[in-house]
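For reference, the structure is listed below as structure tokens.
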Amino acid sequence: MSKTAAGAVSVGIIGAGISGLLMGIRLKQAGIDSFTIYEKADDVGGTWKHNTYPGLHCDVPSHLYSYSFSPNPNWTQPFASQREIQAYLRGCADKYDLNPHLRMGISIETAAYQQDDGVWELTTATGEVNRHNVLVGATGGLTAPNLPKISGLALFEGPSWHSGAWRHDIDLRGKRVAVIGSAASAVQVVPHVADAARELFVFQRSPNWVMPRRNKPYSEDMKAAFADPDSDALRRHRRDLYRGSLLTYRVFRRDPRAIAMLRAYALKHMQSAISDPDMIAALTPDYDPGCKRLLVSDEYYPALAKPHVSLIASGVEALTENAVLATDGRVAEVDIVIFCTGYKRGGREDGRPAVEIIGPNDLPLLHALYKRPYSYRGVAVPGFPNYFTICGINGTVAYSSLFYSAELHADYILRCIQEMQARGLKSVEARADIAQAHSDALQEELQQMSWSTGQCTNFYLDQNGRNLSFYPGSLGRLRRELSRLGLEEFTLTR
């Protein structure tokens, strides 16, 4: 249904993770009840629902990883586990009465804009069609496991899986295991596997900078102080954590002093667990911190130092029936292979988007972005009326919590929806000239930052070297830029 009452705008939200729930909460807080959140899983949480591999924790401090208007004083650790975060998000859905708006187990296959009446038609996997004036995409960008194209993959006779689809039914005890990959999921998976396996081979194509997590549990006294409404403890703690994250921002801005500090910090962390000079050399990146994602772990280096764990600083050439062949000629006979090889852009394993978004004149969003890979402030895409994204292209502040960027985007989208209702607008659409100028300015700035130095390869850059992942400025700057809704930057249709 396109309108639920005179002047009311119906909103369809795809995804019930951090961003989708947030959009629903903000609409609810604004007194707008005409919205539906569609989620293909059986519960909320997004990536924190789908990923369940052992050791999974957030690499952003817990007390920054929550909605600013709904802090959680009861985090048990400075870096929360997957279970805690998923429980927090489920609690927020309950607290803000989102359950009547949630449609779980519903996979939206296509969303097509109907030019004549200015609505989006959402078609589910079962053929059901739902109509909304406004569509908000909150599916995330990296959700489908990336299995590399390795010769002999089908020949391997033992169990193999991606960390994003963990096999909890398989016992690793006494087994010979290969972990292929050494980045964000690997530094959490490897310690768990090392505790159980008879032999573990870690294949590292390129090393990463790993910082200590220092995940000592919060004491009961600290949690009580955080929960005390008359105490300033939680606000001060969050402020201190945010200030601490500014060192990373300086690294991304290629501040030499900040880079040297982070490099020394990471090397000291490595050398506190590993004494073998050859292994230290293999684990030390030849690029500055900040070129790739910075990792955090207390257990990764101690796991690599165990006598039954072998680091193979090489890529993988092929798999056989019972072994992994390294590009340097070494052979690791194994019973199990675990891939920690990241995620595909888009939402499906074949690279297609999670939802096929089709704009006016049957133009797929994927094709539009291939020709014009930009959006307006990470929120709106020219050529796609009434379609908004949370933390879209160049919309996310890189050095701090996703929650902060998402809140600024959701508030901006809410103001667009409120203007549509107040003015009786059929559609709002970002102007291409404004969006292009905005994108060009961001790209010029991003080319001077750590990800574009050419020292390493990373998934932040597209085939043309454009960084489509991050917003280059500070959180305060993003807040100032999004504080005003300039309707002159949109094409308005009544």
Side-chain angles (χ1 to χ4, degrees), residues 14 19 23 111 113 115 118 120 133-141 345-346 353 355 357-398 405-420 423 425-449 451-452 460-475 477-493:
I14 304 178
S19 299
M23 192 71 246
Y113 187 69
Q115 184 81 44
W120 285 92
N133 304 98
V134 169
L135 177 63
V136 179
T139 57
R345 289 189 180 276
V355 179
I357 306 295
I358 303 171
N361 302 315
D362 295 326
L363 176 63
L365 178 64
L366 192 64
H367 292 181
L369 293 180
Y370 183 79
K371 294 179 180 179
R372 275 194 327 247
Y374 63 83
S375 71
Y376 183 58
R377 302 190 183 279
V379 169
V381 179
F384 290 79
N386 299 355
Y387 173 65
F388 301 100
T389 57
I390 297 177
C391 295
I393 294 175
N394 295 134
T396 306
V397 170
S405 300
E407 286 188 27
L408 296 176
H409 284 190
D411 289 346
Y412 191 87
I413 295 168
L414 174 62
R415 290 197 292 274
C416 288
I417 293 170
Q418 289 173 320
E419 287 292 337
M420 286 183 68
R423 297 169 179 247
L425 298 176
K426 175 182 174 182
S427 68
V428 297
E429 177 188 341
R431 286 175 46 184
D433 57 335
I434 299 289
Q436 181 72 70
H438 174 73
S439 176
D440 289 346
L442 293 186
Q443 288 303 320
E444 183 175 351
E445 191 173 350
L446 285 161
Q447 291 305 308
Q448 307 304 312
M449 297 183 73
W451 311 287
S452 301
Y460 303 129
L461 308 182
D462 69 5
Q463 66 273 17
N464 297 314
R466 292 167 58 97
N467 185 332
L468 304 181
S469 299
F470 297 132
Y471 173 77
S474 68
L475 184 66
R477 176 178 145 191
L478 182 63
R479 181 182 295 110
R480 289 190 296 272
E481 290 183 0
L482 293 178
S483 63
R484 172 183 171 273
L485 175 60
L487 288 180
E488 70 277 5
E489 297 162 353
F490 292 84
T491 298
L492 310 180
T493 307

Tell me, please, which residues at least two apart from E488 pass salt bridge (Lys or Arg N to Asp or Glu O under 4.0 Å). R484
Just to verify, what does R423 make a side-chain hydrogen bond (donor to acceptor under 3.5 Å, both in side chains) with, not counting sequence neighbours? E419
Before you tell me yes or no, could you show the steps for Y374 and L442 under side-chain contact (heavy atoms from CB on, under 4.5 Å), namely the whole-Å CA-CA distance, both residues' side-chain angles and the distance that decides it to 0.1 Å? CA-CA 10 Å; Y374 63 83; L442 293 186; over 6 Å; no
Member of N386, V136, I358 meeting the side-chain contact (heavy atoms from CB on, under 4.5 Å) criterion with W120: N386
Any side-chain heavy-atom pair of [X] and [Y] under 4.5 Å:
X	Y	result
L492	M420	no
L468	L369	no
I417	N133	no
V397	L408	no

Are more than 12 heavy atoms, taken from residues, nucleotides or ligands other than D433, located less than 6.0 Å from that residue's CG atom? yes
Over 12 non-hydrogen atoms of neighbours within 6.0 angstrom of CG in N464: yes
Would you sort out whether E489 and R377 count as a side-chain contact (heavy atoms from CB on, under 4.5 Å), showing the intermediate values? CA-CA 11 Å; E489 297 162 353; R377 302 190 183 279; 4.2 Å; yes
Given the rule in the side-chain contact (heavy atoms from CB on, under 4.5 Å) test, do F490 and L485 qualify, once you have shown the distances and angles that lead to the verdict? CA-CA 10 Å; F490 292 84; L485 175 60; 4.0 Å; yes
Of all heavy-atom pairs between P382 and A380, which one has the smallest distance, and what is that distance? CD-O, 3.9 Å
Y412 to G486 - nearest heavy-atom pair and separation: OH-N, 4.4 Å
Parallel under 30°, tilted from 30 to 60°, perpendicular over 60°: which one fits the rings of F470 and W451? tilted
Taking atom types as modelled, find out whether Y471 and R477 have a side-chain donor-acceptor pair closer than 3.5 angstrom. yes
Please round to the nearest 0.5 Å and tell me the distance separating atom NE2 of H409 and atom CD1 of I390. 8.5 Å
